[in-house]
Colleague: 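Quick one: this structure, given as structure tokens, is what I'll be asking you about.
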Amino acid sequence: MPERPLVVHLLHRFDTGGLENGVVNLINHLPAFRHVVVAVTEITEFKHRVTAPGTQFIALNKPPGQGFWLYPRVYRLLRELRPAVVHTRNLGAMEFQWPAWAARVPLRVHSEHGWDTNDLGGVSRANQRLRRVYGAGTHRFVALSRAIETYLTGPVGFAANRVQRICNGVDTQRFAPATTVPSQWPYRRGDHVVIGAVGRMQAVKDPLNLVDAFLQLRTLCPHGWPRLRLAMLGGGPMLDTARERLAQAGAAEQAWLPGDRSDVAELLPHFDIFALPSQAEGISNTLLEAMACGCAPVATDVGGNPELVEPGVNGLLVPARDSAALASALGLLVNEPALRQRLAEASLARARSQFSLDGMVAAYGALYASARA
């Protein structure tokens with residue numbers, strides 16, 4: 001039997017996050033290919049989420065700054081591995097398309113998942129120029145949302161026939177409504193109304209926006225306030241600040257911020273409302289997962305979120321960085337349980353019908369297989 005083609009997934013850091021979770025899903029569900037994960041900086045314990053046998057992990061341990069000096073090392077690595085595909089993700093790894101070109105990798109793919117807080121919306125012309133330069137020898141670009149596709153074919157200037165939109169997919173077998181309550185879950189259905197979020201506690205995810213909005217519900221929902229609970233799953237540099245802000249407001253006992261969790265799939269079905277306060281998104285894995293678990297979503301109107309949430313049909317959209325608007329939308333769903341239930345049911349149906357993991361895997365599989373065409 002011929003050896004399966006090798007895909008090298010090259011990204012800045014392999015740690016807890018939506019981008020990385022998408023890579024894990026792809027590797028675990030694409031056995032027609034062998035896989036190597038190369039991190040420009042480091043690989044964390046997150047690698048244990050990968051269950052595909054034989055997957056390799058390589059950390060380059062690059063310090064801050066330009067990575068030009070790493071090009072020879074990456075070139076030699078690629079010549080040794082001889083992959084059919086190199087797939088870089090986001091600007092932090094895009095420059096390594098150059099050594100992939102020099103190593104004559106048959107198919108060179110780059111995908112854009114979203115923007116950082118220092119360049120929301122990708123408006124920086126310097127970053128647009130960098131993408132044009134780094135992408136000169138790239139065969140295909142993958143956009144995770146319509147907004148990113150428009151960005152790549154518009155301001156960046158790549159030809160439309162080089163850009164393909166592949167939305168994230170959700171594993172609706174793993175992420176699904178559930179009635180069995182995990183022992184670690186601190187709240188009681190019926191007694192509490194839980195507003196939940198899942199995501200890394202960093203600026204682009206804007207967790208303090210959600211904390212502030214939750215605290216405003218004390219005034220917006222005075223009768224319901226004693227029943228309200230906040231669950232924010234995820235670690236990161238802003239975790240302690242979020243905890244302190246809740247404590248200072250006297251709401252620490254109504255909130256659960258446990259840091260990173262490996263049991264998100266078991267906990268998500270017990271959220272009543274899922275809040276996504278991000279300043280920028282591609283197609284959010286956690287939003288899709290919450291929809292598949294039967295949560296009613298409230299998300300910021302950024303990036304690919306409008307492709308997942310249709311206001312009033314399966315959720316609510318609010319402006320980014322506006323805690324008052326977020327609080328108002330959350331308060332509406334707290335005060336109107338029938339609306340909350342209707343949006344939750346519509347989100348579940350939308351996730352299952354339009355954003356399946358099988359569809360995403362099939363699209364990437366076809367793209368990767370074109371290297372042999």
Colleague: Quick check, are the ring centers of H87 and H110 under 6.0 angstrom apart?
Modeller: no
Colleague: Closer than 4.0 angstrom, basic N to acidic O: yes or no for R174 and D171?
Modeller: no
Colleague: For the residue pair V37 and I58, establish whether any side-chain heavy-atom pair is separated by less than 4.5 Å.
Modeller: no
Colleague: How long is the straight-line distance from OG of S284 back to CG of N21, given to the nearest 0.5 Å?
Modeller: 10.0 Å
Colleague: Does the side chain to side chain donor-acceptor pair (under 3.5 Å) test come out yes or no for H139 and R162, once each step is laid out?
Modeller: CA-CA 7 Å; H139 296 111; R162 296 174 68 195; over 6 Å; no
Colleague: Decide yes or no for V194 and I273: does some side-chain heavy atom of the first lie under 4.5 Å from some side-chain heavy atom of the second?
Modeller: no
Colleague: Might you work through the side-chain contact (heavy atoms from CB on, under 4.5 Å) test for L343 and L316, ending with a clear yes or no?
Modeller: CA-CA 9 Å; L343 298 182; L316 302 175; 4.3 Å; yes
Colleague: Have a look at E42 and tell me which of H12, K62, R13 forms a side-chain hydrogen bond (donor to acceptor under 3.5 Å, both in side chains) with it.
Modeller: R13
Colleague: For a quick test of reading the model, state the closest non-hydrogen atom pair linking C221 to G331 and the distance between them.
Modeller: SG-CA, 3.7 Å
Colleague: Looking only at side chains, do E345 and Q341 share a donor and an acceptor under 3.5 Å apart?
Modeller: yes
Colleague: Would you say the side chain of L91 lies within less than 4.5 Å of the side chain of Y134, judging by non-hydrogen atoms?
Modeller: yes
Colleague: Report the relative orientation of the aromatic rings in Y71 and W98; use parallel for angles under 30°, tilted for 30 to 60°, perpendicular for over 60°.
Modeller: perpendicular
Colleague: Between R34 and P5, is there a side-chain heavy-atom distance shorter than 4.5 Å?
Modeller: no
Colleague: Working to the nearest 0.5 Å, report the span between CG of L357 and OG1 of T172.
Modeller: 8.0 Å
Colleague: I'd like to know whether NE2 of H223 has more than 12 heavy-atom contacts from other residues, nucleotides or ligands below 6.0 angstrom.
Modeller: no
Colleague: Write down the atom of L348, the atom of P177, and the distance for their closest heavy-atom approach.
Modeller: CD2-CG, 3.8 Å
Colleague: Return the CD to CG distance between E244 and L257, rounded to the nearest 0.5 Å.
Modeller: 11.5 Å
Colleague: Take N314 and S347 through the side chain to side chain donor-acceptor pair (under 3.5 Å) test and state the conclusion after the steps.
Modeller: CA-CA 5 Å; N314 74 305; S347 278; 3.1 Å; yes
Colleague: Over all heavy atoms of both residues, which pair between V361 and L26 is shortest? Give the atoms and the distance, please.
Modeller: CA-CD1, 4.3 Å
Colleague: If the threshold is 4.0 Å, N to carboxylate O, is there a salt bridge linking K205 and E281?
Modeller: yes
Colleague: Can you tell whether the side chains of R165 and E112 come within less than 4.0 Å, N to carboxylate O?
Modeller: no
Colleague: Are T44 and D15 linked by a side-chain donor-acceptor pair shorter than 3.5 Å?
Modeller: yes
Colleague: How long is the straight-line distance from CG of L81 back to CD of Q56, given to the nearest 0.5 Å?
Modeller: 6.5 Å
Colleague: Would R261 and E266 pass as an ion pair if we require N to O under 4.0 Å?
Modeller: no
Colleague: Can you tell me how far OG1 of T286 sits from CG of L233, rounded to the nearest 0.5 angstrom?
Modeller: 10.0 Å
Colleague: Starting from the C-alpha separation in whole Å, work towards a yes-or-no answer on side chain to side chain donor-acceptor pair (under 3.5 Å) for Q279 and T300.
Modeller: CA-CA 7 Å; Q279 296 179 18; T300 47; over 6 Å; no
Colleague: Would you call D272 and R189 a salt bridge, taking side-chain N to carboxylate O under 4.0 Å as the test?
Modeller: yes
Colleague: How long is the span from the NZ atom in K47 to the CD1 atom in I27, to the nearest 0.5 Å?
Modeller: 12.5 Å
Colleague: Assess the residue pair N28 and T51 against the criterion (side chain to side chain donor-acceptor pair (under 3.5 Å)); give the C-alpha distance rounded to whole Å, side-chain angles, the decisive distance to 0.1 Å, and a yes or no.
Modeller: CA-CA 6 Å; N28 287 344; T51 58; 3.2 Å; yes
Colleague: To check you understand the geometry: which heavy-atom pair defines the closest contact between P269 and A178, and what is its length?
Modeller: CB-N, 3.7 Å
Colleague: Hey, are D260 and R200 close enough for a salt bridge, meaning a charged N less than 4.0 Å from a carboxylate O?
Modeller: no
Colleague: To check you understand the geometry: which heavy-atom pair defines the closest contact between L287 and A299, and what is its length?
Modeller: CD2-CB, 4.3 Å
Colleague: May I have the step-by-step check of side-chain contact (heavy atoms from CB on, under 4.5 Å) for L220 and W225, ending in yes or no?
Modeller: CA-CA 9 Å; L220 293 178; W225 173 252; over 6 Å; no
Colleague: I want to check something: taking the side chain as every heavy atom from C-beta on, are M94 and F141 in contact at a cut-off of under 4.5 Å?
Modeller: yes
Colleague: Counting only heavy atoms not in W101, do more than 12 fall under 6.0 Å of its CH2?
Modeller: no
Colleague: Would you say the side chains of Y151 and Q128 form a donor-acceptor pair under 3.5 Å?
Modeller: no
Colleague: Would you indicate whether the side-chain heavy atoms of V170 and S356 approach each other to under 4.5 Å?
Modeller: no
Colleague: Decide if the gap between the ring center of W185 and the ring center of Y187 is smaller than 6.0 angstrom.
Modeller: yes
Colleague: Report yes or no: do H192 and R229 form a side-chain donor-acceptor pair below 3.5 Å?
Modeller: yes
Colleague: M238 and Q202: which non-hydrogen atoms are nearest, and at how many Å?
Modeller: SD-C, 3.5 Å
Colleague: Does V109 reach the side chain of V86, with side-chain heavy atoms less than 4.5 Å apart?
Modeller: no
